[in-house]
2 protein chains.
Amino acid sequence: MGTIERKEREKESRKESIIDAAQKVFFEKGLPLSTMDEIAETAELAKGTLYLYYHSKEDLYLAVMMRGLMILRDMFREVVTRKLPVVKTLIEFANTYTLFYEQNKNYFRMLHFFNTPQFHKQVSEKMMKSCDEFNQTLWVMVTEIITQGMAEQKLRNDLDPIETAIILWSNSSTLLMRIDGQYEMFKDKLNIDLYKTLRLSNLLLLESMLTEQGKNDLKALLN
Amino acid sequence: MGTIERKEREKESRKESIIDAAQKVFFEKGLPLSTMDEIAETAELAKGTLYLYYHSKEDLYLAVMMRGLMILRDMFREVVTRKLPVVKTLIEFANTYTLFYEQNKNYFRMLHFFNTPQFHKQVSEKMMKSCDEFNQTLWVMVTEIITQGMAEQKLRNDLDPIETAIILWSNSSTLLMRIDGQYEMFKDKLNIDLYKTLRLSNLLLLESMLTEQGKNDLKALLN
DNA sequence: GTAGTAAATGACCAATAGTCATTTTTTGCC
DNA sequence: GGCAAAAAATGACTATTGGTCATTTACTAC
């Protein structure tokens, strides 16, 4: 009598196929220009059915965004499992974030949308919490590496690990965002390669956070 | 026969009073929840009239945002006219940006909305160009100070002035954005004071960009 | 086969950005 | 002041869309 279990699976797979459809539409048109009618049509379902599975268009948007977060988490995890020296790991985190952006621009943009304040009002408590918790796991991964680096005396231990994680993470985020929106403009009008700028700012920040020992590691890595 | 001139002035003042009304509504509800009907009512005009002066709701939004940009420009200008030593000026720029955020949170939020990619599609070319040009003036101000600092050998002259401006500006922007949206969360859950984090990251970055001479100036300023 | 339950539907509603034919106001002229 | 032409303002209307819910369809258990 595995009927209930099967139903559960079917429900889950329907949720997934709705996200598939939503993703297709959101990627093409962005949140404001995507319509629930189009998502429903793409999913080959009636509009009302969508609302049996998701509370609002914004919830659906976040459900798609979560897929992006999961990809990013997995990429970070993969770096951690390589058990590289701490300084190398931090550099790889930055490279990985950039790679994530390049391979998943649509998801990256969604992450950013999540930060606009007015957006949140249309989102259900539950979905919001779900996203926040997931986000947390990324912070934890970075913070853990930093803590480890301090223990190994590669990173200045007068800094707070969480604070350090925030600074590094924020730095990459903004510059990637700028690359996304204004790369050509900066290249053409000011002859600035923002990818170079990103690497430079990461390097400057990282360097200022390292101990002498850490700096030696970094120097060795750059040659 | 100054009729034409007078009409021009009246038209301008009507545009301003429409922005007044729009500002009031946008500040209260944010872009998505503000309606043109409510703005019209606040302005004591018919909705159709708004469209005689602005192409779209988004154009109106940007018109309000420009006021914020002007405030920020004037604050920066004021710092420049004080003709402080370069290192001090850079620190004051950072403080000024923070002050701008604190005194004009509503405007600050609008600046960030401007960066979301889908937003742009509803905006008229003309308004977009107008904003971009204005934005440019802020970049120029920061870049000029940095160039001056390099000439005075306070800032490492192997760095590109524009690149340096981008990095410093971006760093403050993200952290202020995070302060705006997540200050309480970071304070309560992680015991992190993001204002402190902002100051720290500015300091770390600035330090990594200074020459020995510049570092001495900085040290003197911090005591 | 049937009663009862779960899932899906789509016509419908309310809200709202934007339009445009009509009305009101202003201007220039006598 | 009166009047015609131009300019400005109006608000009813349209099209679109997020979300609802009474009804229909499909499935389950016996």
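Keep in mind it's a predicted model, so treat the numbers as computed, not measured.
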Seminar exercise, completed: From CG of B:L50 across to P of C:dG18 the rounded distance in Å is 11 Å
Problem set entry | Option among B:F113, B:F27, B:Y101, B:F100 that satisfies the ring pair (Phe, Tyr, Trp, His ring centres under 6.0 Å) test with B:Y107 | B:F27
Exercise. In whole angstroms, how far is the P atom of C:dA7 from the CD1 atom of A:I18?
Worked result: 12 Å
Exercise. A:N171 and B:T174: side-chain donor and acceptor closer than 3.5 Å?
Worked result: no
Exercise. Are B:F114 and B:Y61 close enough that their ring centers fall under 6.0 Å?
Worked result: no
Seminar exercise, completed: To the nearest angstrom, the CD1-P distance between B:I39 and C:dA17 comes to 8 Å
For this session: Give the rounded distance in Å between these two atoms: NZ of B:K11 and C1' of C:dT25.
Result: 15 Å
Seminar exercise, completed: Whichever of A:L45 and B:L33 has the more 5' nearest nucleotide on DNA chain C, that residue is A:L45
Problem set entry | Phosphate OP1/OP2 of C:dA7 contacted by A:Y53 side-chain N/O (<4.0 Å) | no
For this session: Find the distance B:E38:CD to C:dA15:C1' and express it as a whole number of Å.
Result: 13 Å
Exercise. Angle class for the A:F93/A:F76 ring planes (parallel below 30°, perpendicular above 60°, tilted otherwise)?
Worked result: tilted
Problem set entry | Atom-pair distance (CD on B:E41; C1' on C:dT16), nearest Å | 14 Å
With the criterion being N/O to N/O and under 3.5 Å, what pairs connect the protein with nucleotides 19-22 of chain D, and how long is each?
unit_1 : atom_1 : unit_2 : atom_2 : d
D:dG19 : OP2    : A:Y51  : OH     : 2.9
D:dG19 : OP2    : A:K57  : N      : 3.0
D:dG19 : N7     : A:K47  : NZ     : 3.0
D:dG19 : O6     : A:K47  : NZ     : 2.7

Exercise. For the residue pair B:H112 and B:F108, is the inter-centroid distance of their aromatic rings smaller than 6.0 Å?
Worked result: yes
For this session: Send over the distance from B:K15 NZ to D:dA8 P, rounded to a whole Å.
Result: 13 Å
Problem set entry | Contact nearer the 5' end of DNA chain C, comparing B:S34 with B:E10 | B:S34
Exercise. Closest to the A:T35 side chain: C:dA8, C:dA17, D:dG18?
Worked result: D:dG18
Exercise. Between A:R178 and B:S170, is any side-chain donor less than 3.5 angstrom from a side-chain acceptor?
Worked result: yes
Exercise. How close or far is atom C1' of D:dG11 from atom CD of B:E44, stated in whole angstroms?
Worked result: 16 Å
Exercise. Quick check: does any side chain N or O of A:T137 sit under 3.5 Å from a backbone N or O of A:E133, one acting as donor and the other as acceptor?
Worked result: no
